[in-house]
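Note on naming: letters A, B, ... go to the chains in the order of the sequence lines (proteins, then strands), and numbering restarts at 1 for each one.
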Amino acid sequence: MRMSKLFVQTLREFPSDAEVISHKLLVRAGYIRKLTNGVYNYLPLMWRVLKKIENIVREEMDNAGAQELLMPFVQPAELWHESGRWDVYGKELMRLKDRHNREMCLGPTHEEVITSIGREGIRSYKQLPVNLYQIQSKFRDEIRPRFGLLRGREFIMKDAYSFDADEQGLDKSYEIMAKAYNKIFERCGLETKMVQSDSGAIGGSVSHEFMVLVNEEAENNAGENDVFYCTKCGYSANSNHAVSILNPVETDGKFETAQIVDTPNVHSIEGLAEFLKVPQSVICKCLIYVIDGKYVAALIRGDRTVEETKLMNAFQGNDIRIARNDEIDEIMQASGFNAIAGFIGPKGLKNVEIIADETVKELKNFVIGINQTDKHLIGANWGIDVELPQKTEDIRLVEENDKCVDCGAPLKVTKGIEVGNIFKLGTKYSKAMNATFTDKDGQEKPFIMGCYGIGISRTAAAAVERHHDEYGIKWPLAIAPYTVIIVPVSDQDETQMKVAEDIYQKLLDAKIEVILDDRQERAGVKLKDADLIGIPYRITVGKTIQDNLVEFKERATNNTITITPEEAVKRILAL
RNA sequence: CGGGAUGUAGCGCAGCUUGGUAGCGCACCUCGCUUGGGACGAGGGGGUCGCAGGUUCAAAUCCUGUCAUCCCGACCA
C-alpha cells in the first residue's frame with residue numbers, strides 16, 4: 001500500500017474526549033473515529049487489525065471443532081419472552097418496534113437464537129456435541145459507554161455456544177474452549193489470566209473470565225475489574241466472585257454490659273470507631289439495599305465492604321443499588337422508627353429482608369445501630385440483644401492480603417481487562433425454551449449448554465493498552481495492520497526512492513503486507529507517523545544508501561540495525 | 001438515573017467576567033524553499049459560535065429551556 005493513497009488521518013494532538021491510552025492512540029493514529037456515543041467507525045487500518053484477530057479466532061475455533069455461522073442482528077421479542085429475559089435483561093437491551101408494531105431487539109448476545117437453532121436442528125444424541133459460533137457486531141445500550149473500544153455500545157464479538165447430552169460432555173466442551181482461548185490470546189500477543197467469575201445476567205453456574213492484566217502504575221487505568229490472585233497456588237478470581245479466609249482481628253468489643261449510648265452526629269463507621277475508641281472490626285455495619293425493588297438489610301463487620309454482586313446473587317436478583325435516603329425514611333416509618341442513615345440496625349425492621357455476612361457471626365460485645373438517631377447499642381451479643389439473621393452468606397469483598405481459601409497464602413490484587421468469558425449454562429435456556437433431543441434411552445432431554453465470548457474489538461484495544469510507548473502503538477506482529485513500512489527519507493533523492501520502490505516491490509511480490517511512505521513530507525513527519533501507527537518493522541532508506549545500507553527498526557523494542565536492503569528484505573521474509 | 005463539567009472550523013483551544021461586524025495553533029489548497037524525528041516564507045479556503053426561545057438598538061457573550069458530549073458511581077465482551 002502506498003501511504004499517499006492509504007485512507008488515514010493522523011492527528012498531532014490527542015483527542016480531548018479520550019481518557020485511556022488505547023482510545024487516545026487509536027483516534028490519534030487514525031484507526032477509529034467516533035460516530036456517536038459508544039459507537040465507532042473502524043477505519044481501514046483498524047479493520048485490518050480486527051480482521052487479523054477474527055482470523056486467529058476462526059482458526060482456533062475451527063481447530064477446536066466449532067463451526068461458524070451467522071445469526072441475525074435483529075431478534076424477535078418472542079424468543080426473549082420464551083427465555084424470560086425480555087423482562088429481566090433491563091435497559092441494555094435495545095428494544096424497537098417494526099412497522100407492524102411487533103417488538104424486536106438488537107442482539108446483545110444470542111443464547112435465545114442459538115437455542116432456537118439447536119431445538120430445530122438437533123434431534124438426537126448422535127448429533128452431539130455441537131459447538132456453533134459467529135463473529136458479529138453486538139449492541140448493548142450501556143449505561144455509560146467509555147474508554148473508546150474498551151466499552152462501546154456497539155462492539156464486535158465472537159460468541160460460541162455448545163450443546164451437549166450430559167454434564168460430562170459440557171465439562172469437556174468447556175475445557176476445549178478454555179484451551180482454545182488461551183491459544184487465541186497468546187497468538188494475539190496478549191498475556192491473559194483465566195479467573196473465576198460471577199455468571200451474571202447470562203445465567204448458569206460456572207464461569208471464567210480471561211483477563212489482560214494491566215499494571216497499576218498506568219496513569220489512567222483501563223482495567224475495570226479487580227482480580228484477586230494467589231501467587232502460591234494459582235487461585236484467581238474476579239472481585240465479584242473471589243472468596244478468602246480472613247486474617248484474625250479483634251471481634252470482641254470488650255463492653256461488659258449492653259447499653260445504649262449517645263453517639264451524636266457519628267454516622268460513619270470510621271467516626272464511630274474513633275468516637276468509641278474501638279477497632280472498626282467490633283462494629284456491625286447495617287446497609288440498606290434495594291434488590292429488584294425489594295428492601296434488603298445487609299449486615300457486615302465494620303471493617304469490611306459488601307460485594308454487591310454477591311449480595312444480589314444471594315437473593316437471585318437482577319438489579320441492586322444502595323437505598324436512597326427517602327427509601328430509608330419509608331422503612332423507618334413502616335417499622336415505627338425515625339432514624340437516619342448511619343444509625344440503622346436490623347432489630348425491629350419491617351418489610352425488609354435481612355442477610356448477614358459470615359463475618360458478623362463471630363462478633364461479641366459489639367456495636368450496632370438500633371434505629372435511633374445519634375445513638376448506638378454497645379456490648380451487644382447475638383441471641384440476647386439482637387437476633388442473628390437466619391440468612392448468613394459470604395457477601396463481602398475480598399481484600400488484598402486476605403488468605404487464599406485453597407492454600408492459605410496471602411492474596412494479591414491487580415486490575416484486568418476482560419477480553420473473554422466462558423460459561424457453563426447448563427439447561428437454563430434449553431429448559432425455558434423447550435429445546436430437547438432424544439437420548440440413548442429414548443428419553444427427551446434438554447440440551448446441556450455452554451457459551452463462550454470474546455470481545456474482538458476490545459481485544460484490539462487491550463493490545464494497545466499493553467503494547468505502546470510515548471511515541472505510539474506497538475502492535476504485536478500477529479495483529480498488526482501491516483508488517484513493515486518503508487520510509488524513504490527524502491522523496492527528492494532519486495536513489496533513495498528507487499531503492500525504496502525496489503524493496504517495496506520485492507516485499508509485495510512475496511505477499512508481505514507492506515506500506516511505502518511515498519508522501520511528499522519531511523522525514524520527521526514520516527518517522528513520527530510510522531511510530532504512532534505502530535507498524536512492527538520499519539525500513540528507512542536514507543543517505544547511507546550510498547554505501548548500500550538501510551536502517552532496520554523493530555518497533556516492539558525500538559532497536560535499530562544498519563544492514564543492506566537485501567538483508568532487510570531477507571529478514572522480513574524470514575518472519 | 002444521581003453528582004460534576006463542557007459545547008466556538010476536521011483536531012486542539014482563546015474570546016464570554018465588563019454585549020459592539022468571530023480569532024489562534026495544527027490540518028487543508030497554491031507557490032517557493034526544505035528532507036534523519038511533527039521546518040520556513042507568502043498567499044488562500046473553511047464556522048447559522050450545539051439547538052430553540054427571551055432581554056437588547058445590538059448576543060458567541062446576559063436569561064430560560066432543550067439537546068449532545070465528557071468525568072465519578074451501578075453494567076459487561
Candidates A77(B), G36(B), U35(B) - which lies nearest the side chain of Q492(A) = U35(B)
With heavy atoms under 4.0 Å as the rule, sort V419(A) into base, sugar-phosphate or nothing.
-> sugar-phosphate
Identify whether any heavy atom of S457(A) sits under 4.0 Å from a base atom; if not, whether one sits that close to sugar-phosphate; answer base, sugar-phosphate or nothing.
-> nothing
Look at the side chain of R28(A) against the base of C11(B) and say whether a donor-acceptor pair falls under 3.5 Å; ignore hydrogens and angles.
-> no
Checking N1-N3 plus N6-O4 or O6-N4 for Watson-Crick, or N1-O2 and O6-N3 for wobble, each under 3.5 Å, the partner of A39(B) is none
RNA chain B nearest-nucleotide lookup for T309(A) and H23(A): closer to the 5′ end is H23(A)
Identify which nucleotide among G36(B), C75(B), G12(B) has an atom closest to any side-chain atom of V489(A), counting heavy atoms from C-beta outward.
-> G36(B)
Have a look at P108(A) and say if it touches a base, only the backbone sugar-phosphate, or nothing, with a 4.0 Å heavy-atom cut-off.
-> nothing
Rounded distance in Å between the P positions of G25(B) and G43(B) | 13 Å
Rounded to whole Å, the NZ-C1' distance (K553(A) to G37(B)) equals 9 Å
Could you give the distance separating C28(B) and G12(B) at their C1' atoms, to the nearest angstrom?
-> 16 Å
Atom pairs under 3.5 Å, N or O on each side, protein against nucleotides 1-10 of chain B: can you list them with distances?
{"unit_1": "G10(B)", "atom_1": "O2'", "unit_2": "R33(A)", "atom_2": "NH2", "d": "3.3"}

Which part of the nucleic acid does E551(A) contact within heavy-atom distance under 4.0 Å: base, sugar-phosphate only, or nothing?
-> base
In whole angstroms, how far is the P atom of A39(B) from the CZ atom of R519(A)?
-> 12 Å
Do S162(A) and Y452(A) have a side chain donor and acceptor closer than 3.5 Å?
-> yes
Mate of G73(B) across any strand shown (Watson-Crick or G-U wobble, both atom pairs under 3.5 Å) is C1(B)
So what does R321(A) touch, heavy atoms closer than 4.0 Å: a base, only the sugar-phosphate, or nothing?
-> nothing
Regarding Y161(A) and D159(A), is there a side-chain donor-to-acceptor distance under 3.5 Å anywhere?
-> yes
Heteroatom pairs (N/O) under 3.5 angstrom, protein to nucleotides 26-28 of chain B:
{"unit_1": "C26(B)", "atom_1": "O3'", "unit_2": "R12(A)", "atom_2": "NH2", "d": "3.1"}
{"unit_1": "A27(B)", "atom_1": "OP1", "unit_2": "R12(A)", "atom_2": "NH2", "d": "2.8"}

Any idea which heavy atoms bring A462(A) and V419(A) closest together, and the distance?
-> CB-CG1, 3.9 Å
Quote, to the nearest angstrom, the P distance that separates C63(B) from G20(B).
-> 15 Å
Taking the C1' atom of each, how far is C26(B) from G45(B), in whole Å?
-> 16 Å
Here the distance between atom C1' of G36(B) and atom CG of D531(A), to the nearest Å, is 12 Å
Mind checking the CD1-CD spacing from I486(A) to Q496(A)? Nearest 0.5 Å is all I need.
-> 13.0 Å
Show me the donor-acceptor pairs, under 3.5 Å and distance only, between side chains in residues 35-42 of chain A and residues at least two apart or in other chains.
{"unit_1": "Y40(A)", "atom_1": "OH", "unit_2": "H23(A)", "atom_2": "NE2", "d": "3.2"}

Using a 4.0 Å heavy-atom cut-off across all strands, classify G542(A) as base, sugar-phosphate, or nothing.
-> base
So, do L96(A) and C105(A) sit near enough that their side-chain heavy atoms are less than 4.5 Å apart?
-> no
Got a donor-acceptor pair under 3.5 Å from the side chain of R538(A) to the base of G37(B)?
-> yes
Contact class for G30(A) (heavy atom, under 4.0 Å): base, sugar-phosphate, or nothing?
-> nothing
For the pair made of CZ in R146(A) and P in C75(B), what is the distance, rounded to whole Å?
-> 11 Å
Short side-chain N/O contact from K543(A) to OP1 or OP2 of G36(B), under 4.0 Å | yes
Has the side chain of K553(A) got a donor or acceptor atom that lies under 3.5 Å from a matching backbone atom of T540(A)?
-> no
How would you label the contact of F14(A) with the nucleic acid (heavy atoms, under 4.0 Å): base, sugar-phosphate, or nothing?
-> sugar-phosphate
S16(A) side-chain N/O to G12(B) phosphate OP1/OP2 under 4.0 Å = yes
Whole-angstrom distance between A59(B) and G32(B), as gauged at atom C1' | 44 Å
Partner nucleotide, any strand, of C62(B) [Watson-Crick/G-U, under 3.5 Å] = G54(B)
Expressed in whole Å, how much space separates the P atoms belonging to C16(B) and C57(B)?
-> 24 Å
Would you mind classifying the nucleic acid contact of E92(A) as base, sugar-phosphate or nothing, using non-hydrogen atoms under 4.0 angstrom?
-> sugar-phosphate
P atom, G37(B) versus C31(B): distance in rounded Å?
-> 26 Å
The nucleotide from U69(B), C76(B), C71(B) with an atom nearest the side chain of R151(A) is C76(B)
Can you tell me how far P in U30(B) sits from the matching atom in U48(B), rounded to whole Å?
-> 24 Å
Answer with base, sugar-phosphate or nothing: what part of the nucleic acid does D159(A) contact at a heavy-atom distance below 4.0 Å?
-> nothing
Starting at atom OH of Y161(A), determine the distance to atom P of A77(B), rounded to an integer number of angstrom.
-> 10 Å
Side-chain donor-acceptor pair present, N240(A), E307(A), cut-off under 3.5 Å | no
Measure from CZ on F147(A) to C1' on C76(B) and round the result to the nearest Å.
-> 13 Å
Base, sugar-phosphate alone, or nothing: which one does K34(A) contact when heavy atoms must sit under 4.0 Å apart?
-> sugar-phosphate
Rounded to the nearest Å, what distance is computed from the CG atom of residue N238(A) to the P atom of nucleotide A77(B)?
-> 10 Å
Spatial distance of atom CG (L79(A)) from atom CE (M104(A)) [nearest 0.5 Å] | 10.0 Å
What is the nucleic acid contact for N225(A), judged by heavy atoms within less than 4.0 Å: base, sugar-phosphate only, or nothing?
-> base
Give L532(A) one of three labels, base, sugar-phosphate or nothing, depending on what nucleic acid heavy atoms sit under 4.0 Å from its own.
-> base
Among U34(B), C75(B), G36(B), the nucleotide that comes nearest once only the side chain of R522(A) is considered | U34(B)
Between the side-chain atoms of N37(A) and the base atoms of U69(B), is any donor-acceptor pair under 3.5 Å?
-> no
Going by atom types only, do Y289(A) and R321(A) share a side-chain donor-acceptor pair under 3.5 Å?
-> no
Within the distance-only criterion (no hydrogens, no angle test), does the side chain of Y181(A) pair as donor or acceptor with the backbone N or O of G453(A) below 3.5 angstrom?
-> yes
Quick one: look up who G45(B) pairs with, Watson-Crick or G-U, both distances under 3.5 Å, and put none if it's unpaired.
-> none
Could you let me know what C24(B) is paired to, Watson-Crick or G-U wobble, both distances under 3.5 Å, or none if it's on its own?
-> G12(B)
Parallel, tilted or perpendicular: which describes the rings of W80(A) and Y89(A), with under 30° parallel and over 60° perpendicular?
-> perpendicular
Per the side-chain hydrogen bond (donor to acceptor under 3.5 Å, both in side chains) rule, which among H468(A), R466(A), R458(A), E465(A) passes with S22(A)?
-> E465(A)
May I ask you to check whether N548(A) and T564(A) show a side-chain donor-acceptor distance below 3.5 Å?
-> no
How many Å lie between CD on E19(A) and P on C72(B), as a whole number?
-> 5 Å
